[in-house]
Novice: 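Quick one: the structure is below, questions incoming.
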2 protein chains.
Amino acid sequence: MDSMGIIMARKQTAADQALRLDNQICFAVYSTAHAFNRVYKPLLDRLGLTYPQYLVMLALWERDDVPVKDLGERLFLDSGTLTPLLKRLEAAELIRRTRSTEDERLVLIALTAQGQALREKAKVVPQSILAASACSVGELLAMKDEIVSLRDRLNAVLGE
Amino acid sequence: MDSMGIIMARKQTAADQALRLDNQICFAVYSTAHAFNRVYKPLLDRLGLTYPQYLVMLALWERDDVPVKDLGERLFLDSGTLTPLLKRLEAAELIRRTRSTEDERLVLIALTAQGQALREKAKVVPQSILAASACSVGELLAMKDEIVSLRDRLNAVLGE
DNA sequence: ATAATTCATATTGCGCACAATCTAATTTTG
DNA sequence: CAAAATTAGATTGTGCGCAATATGAATTAT
């Protein structure tokens, strides 16, 4: 009876451990994403951007004149998120949304002169974040690669 | 002039690299959080919970009869997020919200019998996530610790 | 060529997430 | 003790994030 009790107690402990908030990598990722957001906020306020808008601008600074779909694939976001966000960026005159004449299903997103110009102001952002992370570039890059590889495995499961 | 040109080109490249989407650890964290959310969704649908609600339940399964503030500190969320979320959990009869008689500023959150019972059904969740991550427990824990340490450094900067 | 399917985007509805503001209760201070 | 400051929580408004659905254009299959 006692030995059974011990076995049960150990089994419970294993399952209980798995349900502990502290042990959940997902909560670590979730809460870190929020922490980043809060660190970015004052920096991005100066640019007049939210963090998701900043991500869209980063993507466009690399390559613009692209359909919404393309942005969605690069950022892992769908049209329900991007359409209103892009309309706000258009209202801020950072981008233009034009229906493609070749394939009228496509809405092409292009930077305005202002949108291009904002890139210069944005250059100070990454170094501020680096400082806040109190981490070396090497450590951060290594960690980033691990996280990305985890993300890609998760997304692979979803694709099945 | 040519050497100056090279120097400028190198400087630009360094700044440009920092603005690349791929190089941003924050985007890695952000997109991984979304990937986790999408993997959790079908599992949590069976429990009738969203991911943030699941986090609240995890916290309560560890310790309930706590004020909203306490939950907020454990989850890094504020009352603007928690109040409506907790009202939905109350509507689902998983928790009870009662104003403390000792300090009437406090709203104490306690699990109902249903809320307690849900814990058993939730025990299958972590192992499903582990499988989806295609990662060993050891690797995940190591990664989790790194991410948490990064999060805590970011939060420390915010606290200044 | 027409019908069926697929595709890109938009819309709606719900649930976070957080800043800013408000109310009411407690604590601190003079 | 009374005034001031602090605290806990609720409310409001804005912006994601995504599921479900709708619309219209392009592709394909017949």
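By convention in this document, chain letters (A, B, ...) are assigned in the order of the sequence lines, proteins followed by strands, and residues within each chain are numbered from 1.
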Novice: Give me the atom names and distance for the closest heavy-atom approach of B:Arg151 to A:Phe27.
Specialist: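 Where B:Arg151 meets A:Phe27 most closely, the heavy atoms are NH1-CE2, 3.9 Å.
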Novice: Do you know which of A:Leu49, A:Val56, A:Leu111 makes side chain to side chain contact (heavy atoms under 4.5 Å, CB included) with A:Leu94?
Specialist: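 The option that passes is A:Leu49.
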Novice: I want to check one thing: is the phosphate of D:dG15, taken as OP1 and OP2, less than 4.0 Å away from some side-chain N or O of A:Gln53?
Specialist: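 No, outside the criterion.
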Novice: For nucleotides 21-27 of chain C, give me one character per nucleotide, 5' to 3': B if any protein heavy atom sits under 4.0 Å from the base, S if the only such contacts are to the sugar-phosphate, - if neither.
Specialist: ----BS-
Novice: Just to confirm, is there a sub-4.0 Å distance from OP1 or OP2 of D:dG17 to any side-chain nitrogen or oxygen of B:Tyr30?
Specialist: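 Result: yes.
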Novice: How is A:Pro67 classified with respect to the nucleic acid when contacts are heavy atoms under 4.0 Å: base, sugar-phosphate, or nothing?
Specialist: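 Counting heavy atoms under 4.0 Å across all strands, the contact made by A:Pro67 is with sugar-phosphate only.
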Novice: Among the nucleotides D:dG9, C:dT9, C:dC18, which one has an atom lying closest to any side-chain atom of A:Leu106?
Specialist: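 Comparing D:dG9, C:dT9, C:dC18 against the side chain of A:Leu106, the answer is C:dT9.
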Novice: Name the nucleic acid region contacted by A:Thr81, choosing base, sugar-phosphate or nothing; use a 4.0 angstrom heavy-atom cut-off, strictly under.
Specialist: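 The answer is base, as A:Thr81 lies within the cut-off (heavy atoms under 4.0 Å) of a base atom.
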Novice: Counting only distance, no hydrogens or angles, is the base of C:dA8 paired donor-acceptor with the side chain of A:Ser79 under 3.5 Å?
Specialist: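 There is none.
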Novice: On a heavy-atom basis, which atom in A:Leu140 and which in A:Ser133 lie closest, and how many Å separate them?
Specialist: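 Heavy atoms of A:Leu140 and A:Ser133 come nearest at CD1-OG, 3.4 Å.
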Novice: Is there a side-chain contact between A:Lys87 and the phosphate of D:dG15, meaning an N or O under 4.0 Å from OP1 or OP2?
Specialist: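 Checking D:dG15 against A:Lys87, no side-chain N or O comes under 4.0 Å of OP1 or OP2.
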Novice: Specify the closest pair of heavy atoms between B:Arg153 and B:Ser149, including all atoms of both residues, with the distance to one decimal.
Specialist: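 Closest approach of B:Arg153 to B:Ser149: NH1-OG, 2.8 Å.
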Novice: Taking the six-membered ring for Trp, are the ring centroids of A:Tyr54 and A:Tyr40 within less than 6.0 Å of each other?
Specialist: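 Between A:Tyr40 and A:Tyr54, which both carry aromatic rings, the centre distance is below 6.0 Å.
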Novice: Where the side chain of A:Arg99 is concerned, which of C:dT9, C:dA17, C:dC18 is the nearest nucleotide?
Specialist: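 Nucleotide nearest to A:Arg99's side chain: C:dT9.
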Novice: Using a 4.0 Å heavy-atom cut-off across all strands, classify A:Thr50 as base, sugar-phosphate, or nothing.
Specialist: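 Sugar-phosphate contact only.
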Novice: Are OP1 or OP2 of C:dA10 and a side-chain N or O of A:Thr83 less than 4.0 angstrom apart?
Specialist: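 For C:dA10, OP1/OP2 do have a side-chain N/O of A:Thr83 under 4.0 Å.
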Novice: With nearest nucleotides of DNA chain C determined for B:Tyr51 and A:Lys41 from heavy-atom distances, which residue corresponds to the more 5′ nucleotide?
Specialist: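 Result: B:Tyr51.
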Novice: Tell me: CG of A:Asn37 to P of D:dT14, nearest whole Å?
Specialist: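 Going from CG in A:Asn37 over to P in D:dT14 covers 19 Å.
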Novice: Return the value, rounded to whole Å, for the distance between atom CG of B:Leu77 and atom C1' of C:dA17.
Specialist: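 Whole-Å distance recorded here is 8 Å.
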Novice: Contact class for A:Leu82 vs. all strands (heavy atom < 4.0 Å): base, sugar-phosphate, or nothing?
Specialist: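 Result for A:Leu82 = nothing.
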Novice: Quick one: B:Leu75 CG to D:dG9 P, roughly how many Å, whole number?
Specialist: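 In whole Å, D:dG9 P lies 14 Å from B:Leu75 CG.
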Novice: Using whole Å, report how far CZ of B:Arg88 lies from P of D:dA10.
Specialist: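 Rounding to the nearest Å, CZ of B:Arg88 and P of D:dA10 are 13 Å apart.
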Novice: Quick one: is B:Arg97 getting a side-chain N or O under 4.0 Å of the D:dA10 phosphate, OP1 or OP2?
Specialist: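 Answer yes for this pair, as a side-chain N or O of B:Arg97 is under 4.0 Å from OP1 or OP2.
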Novice: Look at the side-chain N and O atoms of B:Lys69 and state whether any lies under 4.0 Å from the OP1 or OP2 oxygen of D:dA10.
Specialist: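 Looking at the OP1 and OP2 atoms of D:dA10, neither is under 4.0 Å from any side-chain N or O of B:Lys69.
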Novice: Whether the side chain of B:Thr83 engages the backbone of B:Gly80 through a donor-acceptor N/O pair (distance < 3.5 Å, no angle test) should be reported.
Specialist: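 No, the answer is negative, given that no donor and acceptor are paired below the 3.5 Å cut-off.
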Novice: Less than 6.0 angstrom separating the ring centers of B:Tyr30 and A:Tyr51, yes or no?
Specialist: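 Yes, close enough.
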Novice: Mind calculating the distance between CG (B:Leu44) and P (C:dC16) to the nearest angstrom?
Specialist: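 Value for this atom pair: 11 Å.
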Novice: Checking contacts here: which listed nucleotide (C:dC18, C:dT11, C:dC16) is nearest the side-chain heavy atoms of B:Asp78?
Specialist: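 Looking only at heavy atoms from C-beta outward on B:Asp78, the closest nucleotide is C:dC18.
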